[in-house]
Protein chains: 2
Amino acid sequence: MKKEFRSDCPISSALDLFGDKWSLLIIRDLVYFGERTFKDFTNAAERISTARLTDRLCKLEKLELITKSNHPTNRKVFVYDLTAKGMDLFPVIAEYIKWSNKYLNDHIAEEAKAYAAMLETDRQGALNHFMQRR
Amino acid sequence: MKKEFRSDCPISSALDLFGDKWSLLIIRDLVYFGERTFKDFTNAAERISTARLTDRLCKLEKLELITKSNHPTNRKVFVYDLTAKGMDLFPVIAEYIKWSNKYLNDHIAEEAKAYAAMLETDRQGALNHFMQRR
DNA sequence: TTTATTGCTTTCGAAACGGAAGTGAAAATA
DNA sequence: TATTTTCACTTCCGTTTCGAAAGCAATAAA
């Protein structure tokens with residue numbers, strides 16, 4: 001068994017839990033699209049491998065950031081969704097967006113720029129828009 | 001040569017640049033302590049290896065998130081400091097702290113809890129406190 | 001002149017990684 | 001009913017990244 005946390009610092013501890021290149025992208029998809037299936041995640045632009053996706057979904061479920069449940073009609077499909085704990089990562093994601101909009105502006109998607117502008121002018125509104133979906 | 005970005009998403013792009021377990025901790029030390037030397041970073045609680053630290057400092061300097069300069073009196077010491085671009089990661093760090101304070105409260109340091117509470121009640125004040133140091 | 005410090009490099013075994021192919025159960029199609 | 005396709009994994013394998021430790025040259029301190 002390995003130690004779970006490197007220190008008692010809140011920043012390093014959060015990074016210990018989901019500070020990899022994929023976890024926040026799974027959270028992102030759930031924030032912006034709501035319920036997602038395994039297949040949905042594999043269709044994201046960043047092209048996560050199935051092995052990595054399986055691993056991350058399990059970890060995020062153990063951390064209680066997401067839930068896994070059966071599809072109402074199709075028994076071989078699982079539906080993933082955010083918990084309140086996972087939804088509370090929205091502010092972290094929002095700050096990444098704002099930073100990238102400022103410093104990677106010539107690289108990111110046009111629709112992302114528009115959304116970033118909305119985050120600047122109506123932060124609470126953008127936040128509520130997703131928070132109130134469930 | 002490998003591709004720099006996985007997609008044009010602002011979140012994944014930011015993670016491509018500094019979405020590892022160490023970069024934000026280096027930024028953290030610079031935010032909270034100001035100028036730091038190589039030795040200072042190795043003394044942080046998380047115990048980064050020297051090979052990893054050398055690698056990350058170079059990357060962060062190339063990204064222009066930090067600067068490297070000579071110590072005014074000691075020629076074998078280098079002094080690292082944040083650029084405005086690096087300082088603008090403070091809001092990201094602040095949101096990690098707030099999330100951890102809410103969900104990892106029984107694990108994190110007491111002084112971190114107090115600081116997180118200050119972030120909640122006087123966000124702009126906490127932000128300015130560091131922003132105005134230089 | 002000797003010793004200690006600093007920033008950095010090298011080495012090496014372990015862990016994490018991406019990409020591709022394969023699996024079984026269930027669903028859709030014929 | 002028989003066949004094919006889909007879905008959520010799982011396995012495999014070569015590559016990259018990693019932590020831990022030792023070693024290094026240059027400078028500073030003693």
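Because the structure is predicted, anything quoted here is derived from the model rather than measured.
- Of all nucleotides listed (dA27(C), dC9(D), dT9(C)), dA27(C) comes nearest to the side chain of Arg75(A).
- Within 4.0 Å of Phe38(B), counting heavy atoms only, lies at least one base atom of the nucleic acid.
- When each of Val92(A), Ile27(A), Leu89(A) is tested with Phe18(A) by the rule side-chain contact (heavy atoms from CB on, under 4.5 Å), just one qualifies, namely Leu89(A).
- Side chain to side chain, Ser13(B) and Ser100(A) fail the donor-acceptor criterion of an N or O pair below 3.5 Å.
- Counting heavy atoms from C-beta outward, Tyr80(B) and Leu57(B) have side chains that approach closer than 4.5 Å.
- Shortest non-hydrogen contact noted between Val77(B) and Thr37(B) is CG1-CG2, 3.5 Å.
- Following rounding to the nearest Å, Phe41(B) (CZ) and dT5(C) (C1') show an atom-to-atom distance of 18 Å.
- Of the side-chain N and O atoms in Lys68(B), one or more sit less than 4.0 angstrom from OP1 or OP2 of dC8(C).
- Among the nucleotides dA26(C), dT6(C), dA8(D), the one closest to the side chain of Lys76(A) is dA26(C).
- Salt bridge status for Glu46(A) with Arg28(A): present, with a side-chain N to carboxylate O gap under 4.0 Å.
- Note on Tyr115(A) and Ile11(B): same hydrophobic cluster, where clusters join Ile, Leu, Val, Met, Phe, Trp and Tyr whose side-chain heavy atoms are under 4.5 Å apart, directly or indirectly.
- One can place CG of Leu53(B) at 16 Å from C1' of dA21(D), the figure rounded to the nearest angstrom.
- Near DNA chain D, meaning a heavy atom under 4.0 Å away, the residues from residues 6-23 of chain B are Trp22(B).
- Of the listed nucleotides (dG7(C), dC7(D), dT10(C)), dT10(C) has the atom at the smallest distance from the side chain of Ala51(B).
- Mapped onto DNA chain C by nearest heavy atom, Ile48(A) and Asp40(B) fall at different nucleotides, with Asp40(B) at the one closer to the 5' end.
- Side-chain N/O atoms of Thr54(A) and base N/O atoms of dT10(D) include no donor-acceptor pair closer than 3.5 Å.
- At whole-Å resolution of the value, NE2 in His71(A) and P in dA28(C) are 10 Å apart.
- Taking atom CG of residue Asp55(A) and atom C1' of nucleotide dA15(C), one finds them 12 Å apart after rounding to whole Å.
- Backbone-only contact: Tyr80(A) has heavy atoms under 4.0 Å from sugar-phosphate atoms and none from a base.
- At least one side-chain heavy atom of Phe38(A) sits under 4.5 Å from a side-chain heavy atom of Thr50(A).
- Relative to the side chain of Arg52(A), the nucleotides dA28(D), dC17(C), dG7(C) differ in distance, and dC17(C) lies closest.
- Summarising the geometry, the separation between CG on Asn70(B) and P on dT6(C) is reported as 16 Å, rounded to the nearest angstrom.
- A close approach under 4.0 Å does occur between a side-chain nitrogen or oxygen of Arg56(A) and OP1 or OP2 of dC17(C).
- Leu57(A) has its CG atom 13 Å from the C1' atom of dC7(D), to the nearest Å.
- With distances taken from any side-chain atom of Asn74(A) to the nucleotides dC9(D), dC8(C), dA27(C), the minimum falls on dA27(C).
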